[in-house]
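Lettering of chains follows the sequences in order, A, B, ..., and the numbering in each one begins at 1. The model shown is predicted, which means the values in this text are computed figures rather than measured ones.
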Amino acid sequence: MKRHGLLSFFKNYSYSMIILVDVDSFYVSAERIFRPDLEGKPVVVLSANDGNIIARSKEAKKLKIRMGQPTFELGGVVKQHKVEIISTNFTPYGDVSGRLMRILNQFIEKIEIYSIDEAFLDVTGYERIYTDLVAFGHQIRKTIKQWVGLPVSIGIVPKETLAKVASWYAKKQPNYNGVFELREADRIQQALADFPCLEVWDIGHQYNQLLKKNGIETAYALTQCHDVWIQKHMTIEGLRLVDELRGNTRRPVQQYPAPKKSILTSPCFGTPVDDLKTLQEGLNTHVVRCGEKLRRQQSAACLVTVYLQTNPFRADQPQYFNSQATALPHPSSATPELLQYAIGVLNAIYKPGYKLKRVGVMLSGFVPHDYQKPTLFNDVSDPRLRAVSQTADKLNAKYGRDKIRFASQGYSVHWKPRSKFLSRRYTTRWSEILRAQ
DNA sequence: TCTGGGGTCCTAGGACCC
DNA sequence: TCTGGGGTCCTAGGACCC
């Protein structure tokens with residue numbers, strides 16, 4: 001075991017500070033903006049297909065409803081405690097998230113949008129303007145509550161890995177009013193000593209079990225482990241994170257998101273599907289969606305992977321999982337081409353007699369969309385196909401998703417995901433806007 | 001009856017090359 | 001008949017995140 005004295009341990013925590021803003025129970029809070037009657041009640045938001053719980057209000061957490069818990073397990077608790085159940089509705093959540101991020105950007109120019117409900121604000125260099133970061137944190141919190149109606153927690157830290165620690169304390173200890181700062185070495189050390197490993201960023205249940213077996217229960221204990229041991233059991237990524245906890249390195253705030261390296265669309269069917277024609281329709285729709293995402297980031301794909309899956313929870317039914325990739329003859333971002341190759345793969349891996357729960361498509365091997373590799377036969381994508389796809393994108397953006405469709409998408413609805421408890425898209429559909437009495 | 005969707009990175013092992 | 005080292009690329013699988 002490697003031991004660090006306090007001085008060497010935290011010597012690298014110099015002035016460079018980051019603020020993490022994260023929304024409390026984001027999906028629930030987003031619903032509450034338009035449904036103030038949900039305030040103070042136990043509320044859960046379900047995954048696509050209404051399968052699992054993906055967000056819980058504070059009150060629902062108290063009822064021991066777990067993250068990711070299957071909806072059907074809820075049963076009695078719902079009736080007994082009048083739990084409000086809401087199907088997920090990503091369009092308004094995305095819209096609310098955009099508003100939140102724009103507000104944060106008004107405060108600080110350099111922000112990293114880490115997820116739909118979290119952002120890092122790099123306040124290095126702002127020390128003259130905001131001498132008291134805790135007061136600044138409260139100001140951000142108040143503004144967001146007033147302008148978008150979202151409750152947020154705020155962690156003020158010198159390293160991103162510490163952000164989750166600070167935000168954990170901010171939520172846990174009501175007397176801090178949602179804002180917690182970790183800056184001085186001894187305070188950081190104290191915070192890590194009381195911080196369970198499982199709560200550390202990048203430590204999940206597997207690693208937590210492993211650490212527990214070795215007597216490592218807290219983040220502080222983790223910082224005292226030997227580098228070689230950490231890298232052996234938790235890869236180089238694990239070592240990086242421990243090094244940041246020790247204060248040795250700092251991941252920079254990344255203002256501009258890197259383009260995605262793969263794009264995936266693979267929602268479950270609402271009801272199982274076993275015939276090829278319906279599968280093809282489903283796959284077509286997923287490929288169309290993938291193509292839209294691909295063009296949005298100005299990439300072209302070289303590889304199309306299709307996979308099929310039965311319901312792995314149904315041990316009583318025959319299982320089938322298969323996936324296959326095909327390399328495109330040239331990079332493409334044109335939906336008609338992507339469709340053609342994806343369907344080819346589907347036909348190759350389809351086997352009748354299985355109740356399939358999912359057909360998915362993944363695009364990968366990206367190059368910039370205007371990249372043209374010279375080849376012997378000058379085999380490039382027909383530019384007209386891309387132009388058609390882009391025109392469809394523009395029209396769909398203006399008039400609504402799937403207003404312009406590719407013929408092969410079909411109109412069958414029985415495979416579409418379920419969502420029984422849908423709320424309205426208050427902010428993005430005129431027809432669903434809230435009316436004042 | 002009913003168990004999410006979309007991503008990331010790393011590692012090991014095999015195929016293949018010179 | 002026996003024998004090598006170094007490199008790349010790909011895939012599968014496992015861990016993690018929200």
ask   = Do the ring centers of A:Tyr169 and A:Tyr176 come within less than 6.0 Å of each other?
value = no
note = Regarding the side chain of A:Asn52, the nearest nucleotide among C:dC18, B:dG4, B:dG6 is B:dG4
remark   = Taken to the nearest whole Å, CD1/A:Ile263 to C1'/B:dG5 is 14 Å
task = Identify whether any heavy atom of A:Gln69 sits under 4.0 Å from a base atom; if not, whether one sits that close to sugar-phosphate; answer base, sugar-phosphate or nothing.
result = nothing
key: Of the listed nucleotides B:dG4, C:dC18, B:dC10, the one nearest the side chain of A:Thr235   = B:dC10
ask   = Hey, does A:Ser266 reach any base, or is it just sugar-phosphate, or nothing, if we go heavy atoms under 4.0 Å?
value = sugar-phosphate
ask   = Under 4.0 Å: is that the gap between some side-chain N or O of A:Lys261 and OP1 or OP2 of B:dC9?
value = yes
query = Given B:dG5, is OP1 or OP2 found less than 4.0 Å from the side-chain N or O atoms of A:Arg358?
reply = yes
query = Does A:Lys171 have any salt bridge (charged side-chain N to carboxylate O under 4.0 Å, His left out) partners at least two apart in sequence or in another chain, and if so, which?
reply = A:Asp22, A:Asp24
message = Using a 4.0 Å heavy-atom cut-off, does A:Lys293 contact any base of the nucleic acid, only the sugar-phosphate backbone, or nothing at all?
response = sugar-phosphate
Plane angle bin for A:Tyr93 and A:Tyr27 - parallel if under 30°, tilted between 30 and 60°, otherwise perpendicular = parallel
ask   = Does A:Thr265 make a side-chain N or O approach to OP1 or OP2 of B:dG5 shorter than 4.0 Å?
value = no
ask   = For B:dG6, does OP1 or OP2 lie under 4.0 Å from any side-chain N or O of A:Ser262?
value = no
request  = Look at A:Asp243 together with A:Arg246 and state whether they make a salt bridge at an N to O cut-off of under 4.0 Å.
outcome  = yes
request  = Would you mind reading off the distance between A:Phe72 atom CZ and B:dC2 atom P, rounded to a whole angstrom?
outcome  = 9 Å
request  = Please work out which residues in residues 195-209 of chain A have a non-hydrogen atom less than 4.0 Å from an atom of DNA chain B and list them by number.
outcome  = none
key: Short side-chain N/O contact from A:Arg240 to OP1 or OP2 of B:dC10, under 4.0 Å   = yes
request  = Using whole Å, report how far NZ of A:Lys260 lies from P of B:dG6.
outcome  = 12 Å
ask   = Among all residues two or more places apart in sequence or in another chain, which pass the ring pair (Phe, Tyr, Trp, His ring centres under 6.0 Å) test with A:His233?
value = A:Trp229
remark   = CD of A:Glu199 to CG of A:Asn208, rounded to nearest 0.5 Å, is 9.0 Å
message = If I take atom CD in residue A:Gln231 and atom P in nucleotide B:dT11, what distance separates them, rounded to the nearest angstrom?
response = 7 Å
query = Does NZ in A:Lys261 sit with more than 12 non-hydrogen atoms of other residues, nucleotides or ligands closer than 6.0 Å?
reply = no
Protein-nucleotide distance (A:Lys355, atom NZ; B:dT1, atom C1'), rounded to Å = 11 Å
request  = Specify whether A:Tyr307 and A:Phe321 have parallel, tilted or perpendicular ring planes, treating 30° as the upper limit for parallel and 60° as the lower limit for perpendicular.
outcome  = tilted
remark   = Here the gap from A:Tyr320 atom OH to A:Lys351 atom NZ, rounded to the nearest 0.5 Å, amounts to 5.0 Å
Indicate every side-chain donor-acceptor pair of residues 335-344 of chain A with a distance under 3.5 Å to a residue at least two apart or in another chain.
residue  : atom : partner  : partner atom : Å
A:Thr335 : OG1  : A:Arg295 : NH1          : 2.9
A:Thr335 : OG1  : A:Arg295 : NH2          : 3.3
A:Glu337 : OE1  : A:Ser332 : OG           : 2.6
A:Glu337 : OE1  : A:Ser381 : OG           : 2.6
A:Glu337 : OE2  : A:His330 : NE2          : 2.7

request  = Looking only at side-chain atoms of A:Pro70, point me to the closest of B:dG6, B:dT3, B:dC10.
outcome  = B:dT3
task = Quickly work out the A:Glu112 CD to C:dC17 P distance and round it to whole Å.
result = 16 Å
note = Base-paired stretches in DNA chain C with three or more consecutive Watson-Crick or G-U pairs, both distances under 3.5 Å, amount to B:5-18 with C:5-18
ask   = Take atom CD in A:Glu109; do more than 12 heavy atoms of anything else shown fall under 6.0 Å from it?
value = no
inquiry  = One thing to verify: whether A:Arg289 and A:Glu292 come together as a salt bridge, which I'm taking to mean a side-chain N less than 4.0 angstrom from a carboxylate O.
reply    = yes
message = What is the separation between atom CG on A:Asn89 and atom C1' on B:dG5, rounded to the nearest whole Å?
response = 15 Å
request  = Whole angstrom is fine here: how far is it from CG in A:Leu74 over to C1' in B:dG4?
outcome  = 15 Å
ask   = Rounded to the nearest 0.5 Å, what separation is found between the CH2 atom of A:Trp201 and the CG atom of A:Leu241?
value = 11.5 Å
key: Distance between C1' atoms of B:dC16 and C:dG4 (Å, rounded)   = 15 Å
inquiry  = Quick check on contacts: within residues 303-315 of chain A, what sits under 4.0 Å from DNA chain B by heavy-atom distance?
reply    = A:Asn311, A:Phe313, A:Arg314
